[in-house]
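Reviewing the structure listed below.
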Amino acid sequence: MNSESLRIVFAGTPDFAAAHLAALLNSHHQMIAVYSQPDRPAGRGKKLAASPVKQLAEQQQIPVYQPITLKETAAQAGLAVLKPDLMIVVAYGLLLPQAVLDIPRLGCINVHASLLPRWRGAAPIQRAIEAGDTETGVCIMQMEAGLDTGPVLSRLVCPILPTDTGGSLHDRLAVIGTQALLATLDQLATGNVNAEVQNDTAITYAHKLGKEEAKLDFTRSAQALWQQIRAFNPFPVSWCLLPNGERLRVWHAEHDLQNTNKNPGTVIGCDDNSLRIACGEGTLLLTELQLPNRNRMLMRDIVNGQLLTLHAGDALA
């Protein structure tokens, strides 16, 4: 038997959030409004583009609000007029002040893609892979004024596979996140919720990804670089410099623990399978690359097309 139908305001912006909005639209709950970040310039033409959440909401004829901030009284009054039972926040991108958190009858809940309190913050999926974690998950959290500090209402665990990238793990977590969210809504509607206070001694922070940190530092271990490459696929994509100074983007790689006694960044060899690079520890095997002004390609296609000329002893930076 279905629980009470809740009047819900949804706040989110990217694809991860849109997946959760889509699940809510197929539920028995009532979506009365959607909040999303203001349209941003996108593409080569830098034309203003609506977020995935806004696009979905407009397709379903749900009112969309795009305030620059929720700290102003006018924005808060507009939300209060809606009289929501609950506000659901998924990768919205704006902080919710206490005045906003207090408006919905059941407060505000957040879908967060980590096992809180590990990886609070903006980029939990990528930071978990980059750190070499073997598992992550999704938490549904009752929101407080602090950054991801509230009690956890439910959590689902997800393994991180050696083949996972930031993109593939994102997609899996979006699926289990919707499952956890819908189950939590039923619990909230019936008052059957057990809130778990976060352990403040186990906190780590998932800082926002920056393009400047995507450069490969070959003095690090091959394993650390392998984790970075996976984490930063599909954004911001790891890269290094060819001997001629041009940028080489690295989409996929493997790693070998065996040391080569070569200077970090030295080319060890190249064949149909990989371009092998000496690291501070071990060897990095680059298997899918993107040459300047070209699409991403497997190493065998680069070799067959004679598109990259590198010899043992050459150095990448």
Side-chain angles (χ1 to χ4, degrees), residues 13-20 90-91 93 110-141 147-148 152 155-180 198 202-240 248-257 274-275 277 279-290 296 298-299:
T13 300
D15 288 325
F16 187 80
H20 290 77
V90 186
N110 173 246
V111 180
H112 188 77
S114 82
L115 297 176
L116 291 167
R118 186 163 179 79
W119 302 126
R120 292 178 178 176
I125 297 173
Q126 295 86 353
R127 297 305 182 192
I129 296 176
E130 184 184 26
D133 291 1
T134 58
E135 67 176 17
T136 186
V138 169
C139 285
I140 312 298
M141 173 188 63
L147 177 64
D148 301 331
V152 175
R155 66 175 67 223
L156 285 178
V157 177
C158 174
I160 299 179
L161 307 175
T163 54
D164 268 327
T165 64
S168 67
L169 187 56
H170 165 283
D171 293 347
R172 292 215 315 283
L173 290 175
V175 172
I176 70 169
T178 60
Q179 297 169 353
Q198 293 188 40
I203 297 169
T204 59
Y205 285 98
H207 299 290
K208 184 178 179 180
L209 297 177
K211 291 183 179 180
E212 68 282 351
E213 64 178 312
K215 188 177 187 298
L216 295 171
D217 178 0
F218 293 110
T219 63
R220 300 176 68 205
S221 72
Q223 179 168 338
L225 295 181
W226 170 65
Q227 291 163 188
Q228 175 190 322
I229 291 165
R230 291 164 50 221
F232 290 9
N233 176 352
F235 178 85
V237 185
S238 294
W239 58 275
C240 60
L248 179 68
R249 303 179 88 194
V250 181
W251 287 88
H252 283 287
E254 300 293 340
H255 70 292
D256 188 332
L257 298 178
S274 66
L275 174 63
I277 311 297
C279 299
E281 293 180 20
T283 304
L284 191 65
L285 289 71
L286 311 184
T287 58
E288 186 176 358
L289 307 174
Q290 186 171 0
R296 52 194 284 192
L298 294 174
M299 195 63 211

Heavy-atom side-chain proximity of Ile125 to Thr136 below 4.5 angstrom: no
Taking the side chain as C-beta and beyond, is there a heavy-atom pair between Val138 and Val111 under 4.5 Å? yes
Quick one: list whatever passes side chain to side chain contact (heavy atoms under 4.5 Å, CB included) with [X], sequence neighbours left out.
{"X": "Leu248", "value": "Cys240, Leu242, Leu289, Leu291"}
{"X": "Gln179", "value": "Leu156, Val175, Ile176"}
{"X": "Ala131", "value": "Arg118, Trp119, Asp133"}
{"X": "Asp217", "value": "Thr219, Arg220"}

Not counting sequence neighbours, which residues clear side-chain hydrogen bond (donor to acceptor under 3.5 Å, both in side chains) with [X]? List them please.
{"X": "Ser114", "value": "His112"}
{"X": "Gln290", "value": "Arg249, Trp251"}
{"X": "Ser238", "value": "Gln228"}

Nearest 0.5 Å, what's the [atom1]-[atom2] distance between [X] and [Y]?
{"X": "Leu286", "Y": "Ile229", "atom1": "CG", "atom2": "CD1", "value": "6.0 Å"}
{"X": "Leu169", "Y": "Cys158", "atom1": "CG", "atom2": "SG", "value": "5.5 Å"}
{"X": "Thr134", "Y": "Ile160", "atom1": "OG1", "atom2": "CD1", "value": "7.0 Å"}
{"X": "Trp226", "Y": "Leu216", "atom1": "CH2", "atom2": "CG", "value": "14.5 Å"}
{"X": "His255", "Y": "Leu225", "atom1": "NE2", "atom2": "CG", "value": "10.5 Å"}
{"X": "Thr283", "Y": "Leu285", "atom1": "OG1", "atom2": "CG", "value": "7.0 Å"}

Side-chain ([X]) to main-chain ([Y]) donor-acceptor, under 3.5 angstrom:
{"X": "Glu135", "Y": "Pro159", "value": "no"}
{"X": "Asn110", "Y": "Met141", "value": "no"}
{"X": "Gln198", "Y": "Ile203", "value": "no"}

Within 6.0 angstrom of Lys215 NZ, more than 12 heavy atoms from elsewhere: yes
Over 12 foreign heavy atoms within 6.0 Å of CD, Glu281: no
Of all residues at least two apart in sequence or in a different chain, which pass the salt bridge (Lys or Arg N to Asp or Glu O under 4.0 Å) check with Glu213? Arg127
Residues which pass salt bridge (Lys or Arg N to Asp or Glu O under 4.0 Å) with Arg172, listed by chain and number, not counting sequence neighbours: Asp164
If you look at every heavy atom in [X] and [Y], which pair is closest and at what distance?
{"X": "Glu254", "Y": "Leu284", "answer": "O-CD1, 3.4 Å"}
{"X": "Pro236", "Y": "Ala214", "answer": "CG-CB, 3.9 Å"}
{"X": "Pro234", "Y": "Gly167", "answer": "CD-N, 3.5 Å"}
{"X": "Pro124", "Y": "Ala113", "answer": "CB-O, 3.4 Å"}
{"X": "Ser274", "Y": "Thr287", "answer": "CB-CG2, 4.1 Å"}
{"X": "Phe235", "Y": "Leu209", "answer": "O-CD1, 3.7 Å"}

Which residues pass the ring-ring contact (aromatic ring centres under 6.0 Å, His included) test with Phe218, sequence neighbours left out? none
Going by ring-ring contact (aromatic ring centres under 6.0 Å, His included), name the residues that satisfy it together with His252, two or more places apart in sequence or in a different chain. none
Residue pairs fulfilling salt bridge (Lys or Arg N to Asp or Glu O under 4.0 Å) with at least one residue in residues 222-239, sequence neighbours excluded: none
